Engineer: 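Below is one structure. I have some questions about it.
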Amino acid sequence: MDNMLKTNIMHAIEMVSNPDAAKRAEAEKYLNEANMTNPDFFHAIMCLAVDASAQESQRIQAAVVLKTFTDKHWQKLLPEVQAVIKSKILEVLANAKTLKTGKLISDALYPIVLKEAGGNWATFEQELYANITGASQNPDRMYFSLMALLKLVKTLEIASDNVEKAEASVLLFFPLLEQLFTSLLSSQLTAQSAAFISLITKIYFRANRFRVSKYVKQTDKCDIWMNYLLSLINYKDPQLKNARKWVARSLIHLFRNYFVSGANSSDKKADPEFFAHWSTQWGPKFVEAFVMYLYSYDIASEEEAVVFNISRCFFHIPKNADIAKKYREQFLSLFKDSLSKISLLTEDDVETYNNDPIEYFKQNDDFSCERNLREAAVNIATTLASEGFYNEIMDFLFAKLRSTPSVLEKENCYYYIQKLKNAIIKESTNGTAILEGMFKEYVLVDAETQHGILRCRAVNLIETYCTYLRSNDITSQCVQVVTRRLED
């Protein structure tokens, strides 16, 4: 690297945070505009991003500059500048010094791969393959090279018009991933190996998210990868919670397209052999693993993302009639003994509500997009209710209401009943009669309680069902209660 150029770049990076606006603007112009046509500048920027003698803040800023150019200005760069970047960026990424700079450099790589790989950068996959196979004795280099592979499969994930290219990439790289995965799972788990497992699982997810690759559809390869994924669900080490999230996300597509009895999907028609193999050999194993995972779930584990993605799988699982029949008792026990506890609010929730009720409900209730434990538990319950478990679920909730529950247990019951609206209304006359009895005995009383969070839930329940009640007397009482609550 030219020492003068390096000095100028480092000085500009230092000036970017200068309180003097004029100096800051001059530095930003130097880094973001003045050198767009200078190949040596980009060579120097990439070298600085992985320079062991530089400060981490300098490496980060260099990586940010590189990412800005590739993300926003790649098509504007001269061919000779693009050539310099493409010739070095894989090696630069492989030599990243920290996860943060590695992530930034891989982000800088992504738009190049998206626009150039297979076209003006025809050698990209061969270069990446060489980096991965040559890094067997260098874990850091291997990890950062796999980050580059993740960016490749991410581009292929969205390239629905280039399936053959995606299949070729899977065929090239997945045997390497299998070797690495096997080695990792047979060794003692460490923070480093857990990071590798998570990254490989994410690569698998990206490569098979919308369509299972032909490679994985081969029976022997399917068995290898499903064994990997199943072992991660069953192995409860907290270091693997991120990997479990990607496992659960990977299985959503499989349960949706290759598990539901009577499914009429194009996937089933195109791959009847794979459908038969996965739905009979692997689907039930994952169902059992999910039930055990949820049944023994520890809220302190903070694996909300895993639970939420499992709940998305459960949207399809009970629709398999054979599975719903075989695991009926397990599913009911799961709801009664686990999900109904997972969804309970905590004292911290109550405190948050008491401090700012409006903000609490924005973040945690009807207007929220948060994928939290309560939403996951309710998702599973509503699916079960719509697939033949309605009576048992409602019997449990009403029995809980009759058992003098705590404030939070009662609020939890009301929340389920509120979210089970479609199933309850579907019951027509019987559902309405049950509601009116519940409103008269519990809801209208709790709508006047001193416990704010229970009072609000009761009012939510009134808003949800008031128009479906047939008793004029109860409806009138509901209107009066809501009117009084508007004065709060």
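Quick caveat: nothing in here was measured; it's all calculated off a predicted structure.
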Engineer: Kindly assign one of parallel, tilted or perpendicular to the pair Tyr468 and Tyr465, based on the angle between their ring planes and the thresholds 30° and 60°.
Structural biologist: perpendicular
Engineer: Sub-3.5 Å donor-acceptor pair from the side chain of Thr464 to the main-chain atoms of Asn460, do we have one?
Structural biologist: yes
Engineer: Could you tell me whether Arg484 and Glu448 make a salt bridge, using a distance below 4.0 angstrom between a side-chain N and a carboxylate O?
Structural biologist: yes
Engineer: Look up atom OG1 in Thr182 and atom CD in Glu178, then write down how far apart they are to the nearest 0.5 Å.
Structural biologist: 7.0 Å
Engineer: Side chain to side chain contact (heavy atoms under 4.5 Å, CB included) between Thr70 and Leu109: does it pass, once the steps are laid out?
Structural biologist: CA-CA 7 Å; Thr70 62; Leu109 172 66; over 6 Å; no
Engineer: Working to the nearest 0.5 angstrom, can you tell me the gap between Leu294 CG and Met292 CE?
Structural biologist: 10.5 Å
Engineer: Going by the side chain to side chain contact (heavy atoms under 4.5 Å, CB included) test, name the single residue among Leu408, Leu345, Thr449 that passes it with Leu454.
Structural biologist: Thr449
Engineer: Could you verify whether a donor N or O on one side chain and an acceptor N or O on the other, from Thr346 and Asp349, lie under 3.5 Å apart?
Structural biologist: yes
Engineer: Does this structure show an ion pair linking Arg402 with Glu441, if we count only N-O contacts that are shorter than 4.0 Å?
Structural biologist: no
Engineer: Determine, stepwise, if the pair Glu411 / Arg374 fulfils salt bridge (charged side-chain N to carboxylate O under 4.0 Å, His left out).
Structural biologist: CA-CA 12 Å; Glu411 189 278 341; Arg374 170 168 266 203; 2.7 Å; yes
Engineer: Looking at side-chain heavy atoms only, is the closest gap between Lys241 and Arg244 below 4.5 Å?
Structural biologist: yes
Engineer: Does a side-chain N-to-carboxylate-O contact under 4.0 Å join Arg455 and Asp446?
Structural biologist: no
Engineer: Please work out whether the ring planes of Tyr143 and Phe196 are parallel, tilted or perpendicular, with thresholds of 30° and 60°.
Structural biologist: perpendicular
Engineer: Tell me whether Lys221 at atom NZ has more than 12 heavy atoms from other residues, nucleotides or ligands lying less than 6.0 Å away.
Structural biologist: yes
Engineer: Run the numbers on Phe315 and Phe255 for ring-ring contact (aromatic ring centres under 6.0 Å, His included), then give the verdict.
Structural biologist: CA-CA 9 Å; Phe315 181 76; Phe255 275 112; over 10 Å; no
Engineer: Could you check whether any side-chain N or O of Gln239 sits under 3.5 Å from a backbone N or O of Ala194, counting only pairs where one atom can act as donor and the other as acceptor?
Structural biologist: no
Engineer: Give a yes or no on whether a salt bridge exists between Lys151 and Asp107, defined as a side-chain N under 4.0 angstrom from a carboxylate O.
Structural biologist: yes
Engineer: Please tell me if the side chains of Gln477 and Phe439 come closer than 4.5 Å, counting only heavy atoms from C-beta onward.
Structural biologist: no
Engineer: Quick one, Ile323 and Phe259 - any side-chain contact, counting heavy atoms below 4.5 Å?
Structural biologist: yes
Engineer: Is it the case that the side chain of Asn372 and the backbone of Glu375 share a donor-acceptor pair, with hydrogens and angles ignored and the cut-off at 3.5 Å?
Structural biologist: yes
Engineer: Decide ring-ring contact (aromatic ring centres under 6.0 Å, His included) for Trp225 and Phe174; before the verdict, give the C-alpha distance in whole Å, the side-chain angles of both, and the deciding distance to 0.1 Å.
Structural biologist: CA-CA 10 Å; Trp225 281 96; Phe174 266 48; 5.0 Å; yes
Engineer: Do Asp223 and Trp282 come within less than 4.5 Å of each other through their side chains, counting heavy atoms only?
Structural biologist: yes
Engineer: When you measure from the centre of the six-membered ring of Tyr415, is the NZ or CZ of Arg457 under 6.0 Å away and within 45° of the axis?
Structural biologist: no
Engineer: Would you call Asn422 and Ser386 a side-chain contact if the rule is heavy atoms closer than 4.5 Å?
Structural biologist: no
Engineer: Drop me the distance from Asn379's CG to Ile310's CD1, to the nearest 0.5 angstrom.
Structural biologist: 12.5 Å
Engineer: Can you tell me how far the NE2 atom of His316 sits from the NE2 atom of His253, to the nearest 0.5 Å?
Structural biologist: 10.5 Å
Engineer: Do Tyr204 and Trp246 come within less than 4.5 Å of each other through their side chains, counting heavy atoms only?
Structural biologist: no
Engineer: Run Lys285 and Glu288 through salt bridge (charged side-chain N to carboxylate O under 4.0 Å, His left out) and show every step you take.
Structural biologist: CA-CA 5 Å; Lys285 292 180 182 178; Glu288 292 179 2; over 6 Å; no
Engineer: Can you tell me how far the NE2 atom of His277 sits from the OH atom of Tyr258, to the nearest 0.5 Å?
Structural biologist: 13.0 Å
Engineer: Just checking, any donor-acceptor pair under 3.5 angstrom between side chains of Thr201 and Ser198?
Structural biologist: no
Engineer: Quick one: does Leu435's side chain get under 4.5 Å of Val443's, heavy atoms only?
Structural biologist: no
Engineer: Is it true that atom CG of Asn472 has more than 12 heavy atoms of other residues, nucleotides or ligands lying nearer than 6.0 Å?
Structural biologist: no
Engineer: Taking C-beta and beyond as the side chain, do Leu339 and Tyr416 meet within less than 4.5 Å on heavy atoms?
Structural biologist: yes
